[in-house]
Each structure stands twice: as structure tokens, then as C-alpha cells.
There are 2 protein chains.
Amino acid sequence: MNTEEETSIIIERNRQELSRGVITLALLTILSAPHYGYSLQKELQNRSFEISQDTLYPLLRRLEKQNLLISEWVVEDPRPRKYYRVSVTGLEVCRKLREEWDTLHTAIGGLLHEYE
Amino acid sequence: MNTEEETSIIIERNRQELSRGVITLALLTILSAPHYGYSLQKELQNRSFEISQDTLYPLLRRLEKQNLLISEWVVEDPRPRKYYRVSVTGLEVCRKLREEWDTLHTAIGGLLHEYE
DNA sequence: TGACAATACTGTATGTAATACGGTATTGTG
DNA sequence: CACAATACCGTATTACATACAGTATTGTCA
């Protein structure tokens with residue numbers, strides 16, 4: 001058996017695992033227009049995607065390293081900000097993820113309905 | 001820039017990341033009835049959830065370690081098989097994931113529609 | 001009956017990535 | 001002037017998927 005404490009950590013972890021991939025899709029979609037990290041976090045939160053700085057910034061770095069995002073420092077703003085937007089490759093990935101999403105959506109829909 | 005090879009690996013990785021969490025939800029749902037690893041894999045595949053042995057078996061081990069699944073060896077079958085089913089905790093996690101799914105589903109639906 | 005695909009799992013090494021942690025510094029607000 | 005909000009970075013730790021190599025049985029069909 002787990003303690004209640006352990007159980008809630010496990011729930012949280014699995015909940016985050018579920019949202020992780022979806023957030024990546026949301027992020028790539030939103031970044032068709034440029035955003036900087038902090039504004040993107042707020043934007044995601046407004047749309048009910050909870051993501052912490054500890055997760056978001058490393059995610060942005062990773063996606064840039066994979067060449068799905070392009071970044072640019074803008075120093076003209078009230079303070080320096082690093083803007084990200086999708087690359088051509090990123091857009092392609094975004095489209096594929098959307099297809100995958102549709103497949104999953106259909107599949108899980110049927111399943112959940114069936115198992116009520 | 002990435003080579004085409006690299007790009008397709010990156011696409012594949014992100015595609016799998018998207019499906020990972022969803023597959024966990026599907027798996028917990030299906031395991032309200034007992035299944036053994038191999039039959040579960042086939043069942044998931046029939047429902048368009050692609051998962052390899054290399055991913056499924058370690059996933060089952062992990063979920064059992066987290067006490068979300070209970071396993072039992074059955075030797076009366078044509079050959080020994082290890083059956084898994086959800087525990088009480090697992091069922092609770094499953095319900096939470098379903099709620100999370102609904103939230104994500106709504107959120108991403110609005111987003112994708114908007115950015116169409 | 002002999003070969004080969006399908007079934008059904010295990011253990012452990014490796015690699016990827018999230019998350020945690022600690023930090024820095026500026027800007028807005030009461 | 002204090003303090004919350006903004007806006008980021010680097011690196012250590014931990015979790016986890018995936019890869020790999022293996023073992024062995026059962027069913028099929030020529």
C-alpha cells in the first residue's frame with residue numbers, strides 16, 4: 001500500500017504525464033505567433049494548461065535544440081525578452097501531432113464511452 | 001537545420017510523447033478487467049494505440065510498483081501468463097486522469113479551432 | 001516432423017527529458 | 001521603500017522510456 005502522500009504524488013505525476021504531450025501541441029500551435037516564455041506561460045494558463053517555469057523553460061530550450069523553435073532576444077522591450085516562434089520543421093511536427101491527436105481522441109472517446 | 005533522418009526521429013519522439021499519457025489512461029481503463037501483457041498489447045493495437053513490448057512491459061512494471069496495478073501469475077492457461085488488473089488506487093487515478101482528459105480535450109479543442 | 005512465426009515474458013543498460021534547486025536582476029505597485 | 005510580479009539561466013537529480021539481449025513455449029503448415 002501507499003501512504004496518502006505517496007498516492008497524491010503518483011496521481012500528480014500521471015496527471016502531468018497526460019498533459020505533457022498535449023501541452024507541447026498547444027505550445028507549438030500558439031507559437032505560430034511569437035511569444036516569450038513568461039507570456040506563453042500566462043497564455044497557456046488562461047487556456048487551462050498548467051505549466052510551471054521549471055517545466056516550461058527547459059521545454060522551450062529542448063524544442064529549440066530540436067530545431068522546432070527559433071528564438072530571438074528583443075531588447076527594445078521594457079526589459080530584455082527572448083521570443084520564440086515555430087520553425088518550418090516545427091510547423092510540420094505540429095501538423096503531425098494534430099493528426100495523432102485526432103487519432104487518439106477518436107480512440108479514447110470510443111473506449112471511455114464503452115467502459116463508461 | 002536537421003537532416004531528414006533527424007527530423008523524422010524528432011517527429012516520432014514527440015508523437016510518442018503525446019500518446020504516452022493517453023495510453024496510460026487507456027490501459028488503466030481496459031484493466032478494469034484482467035489482461036496479461038501480450039493480450040493487452042493486442043487489445044490496445046485493435047483500438048489504434050500502438051505500443052511496443054519494450055514500452056508496454058516496463059510500463060506495467062512501473063504501474064504495479066506504484067500500486068496502481070495488481071498482478072497474478074496464472075499457470076492453468078496453455079502457458080503461464082501474468083495477469084494485471086487495476087487496484088483501488090489505480091481506479092482512483094484512472095478517474096482523475098479522465099477528468100484531466102476532459103479538461104485537456106476542451107482546452108485543446110478551443111485552441112485548435114481558433115488557430116485553424 | 002521439422003522449421004518458423006507467434007506467443008509471452010524477464011533483466012539490465014542506456015539515453016532522454018522533466019523537474020528541482022538555486023540563483024540573478026529588473027519592473028511595477030501600494 | 002518594501003515587496004510582488006516579471007523574466008530568465010545553469011546544472012544536478014530523478015524518473016522513465018526505450019533498446020537490447022535473452023529464454024522458452026505453443027501453434028501452424030508444408
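Keep in mind that the numbers below use all heavy atoms, side chains included, and drop hydrogens, waters and symmetry copies. Chain naming here is simple, since letters A, B, ... match the order of the sequence lines and numbering starts at 1 in each.
As rounded to whole Å, 14 Å separates atom C1' of dC8(D) from atom CG of Leu40(A). Atom OH in Tyr36(B) sits roughly 13 Å away from atom P in dT26(D) (whole-Å rounding). Remark: C1' of dG10(D) and CG of Leu60(A) are 16 Å apart, rounded to the nearest angstrom. Between the P atom of dG15(C) and the CD1 atom of Ile10(B) lies a distance of 17 Å, rounded to the nearest Å. If you measure from atom CD of Glu76(A) to atom P of dT27(C), you get 14 Å, rounded to the nearest angstrom. We find that CG of Leu18(A) is positioned 15 Å from P of dC16(D), with the value rounded to whole Å. For the pair Leu56(A) CG and dC8(D) C1', the interatomic distance rounds to 11 Å; values are reported in whole Å. Spacing between atom CG of Asn14(B) and atom C1' of dA17(D) amounts to 14 Å, rounded to whole angstrom units.
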List the atom pairs, donor and acceptor, that lie under 3.5 Å between side-chain atoms in residues 52-59 of chain B and the rest of the protein, sequence neighbours left out.
from	atom 1	to	atom 2	distance (Å)
Ser52(B)	OG	Asp54(B)	N	3.4
Ser52(B)	OG	Thr55(B)	N	3.4
Ser52(B)	OG	Thr55(B)	OG1	3.3

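Side-chain N/O atoms of Lys42(B) include none lying less than 4.0 angstrom from OP1 or OP2 on dA8(C). Lys65(B) has no side-chain polar atom (N or O) that falls below the 4.0 Å cut-off from OP1 or OP2 of dA15(D).
Which of dA7(D), dA8(C), dT10(C) sits closest to the side chain of Arg81(B) comes down to dA8(C).
No salt bridge links Arg15(A) with Glu92(B); every basic N to acidic carboxylate O contact stays at or beyond 4.0 Å. By the 4.0 Å N-to-carboxylate-O rule, Arg13(B) lies too far from Glu17(B) to be salt-bridged with it. Ion pair Arg95(A)/Glu100(A) not flagged as a salt bridge, since none of the NZ, NE, NH1 or NH2 atoms sits closer than 4.0 Å to an Asp/Glu carboxylate oxygen.
To the nearest 0.5 Å, atom CG of residue Asp102(A) and atom CG of residue Leu112(B) are 8.0 Å apart.
Residue contacts for Tyr57(B): at a heavy-atom cut-off of 4.0 Å it reaches a base atom on one of the strands shown.
Toward the 5' end of DNA chain D, the nearer of the two residues Ile51(B) and Ser39(A), judged by each one's closest nucleotide, is Ser39(A).
Remark: Arg62(B) CZ is packed, more than 12 non-hydrogen atoms of other residues, nucleotides or ligands lying under 6.0 Å away.
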Discussion item. Strictly under 4.0 angstrom, non-hydrogen atoms only: write out the protein contact profile of nucleotides 17-26 of chain C, one letter per nucleotide from the 5' end, B, S or -.
Written reply: SSBBB----B
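In this pair, Tyr36(B) and Tyr83(B) present their aromatic rings perpendicular. The plane angle is above 60°, beyond the 30 to 60° band.
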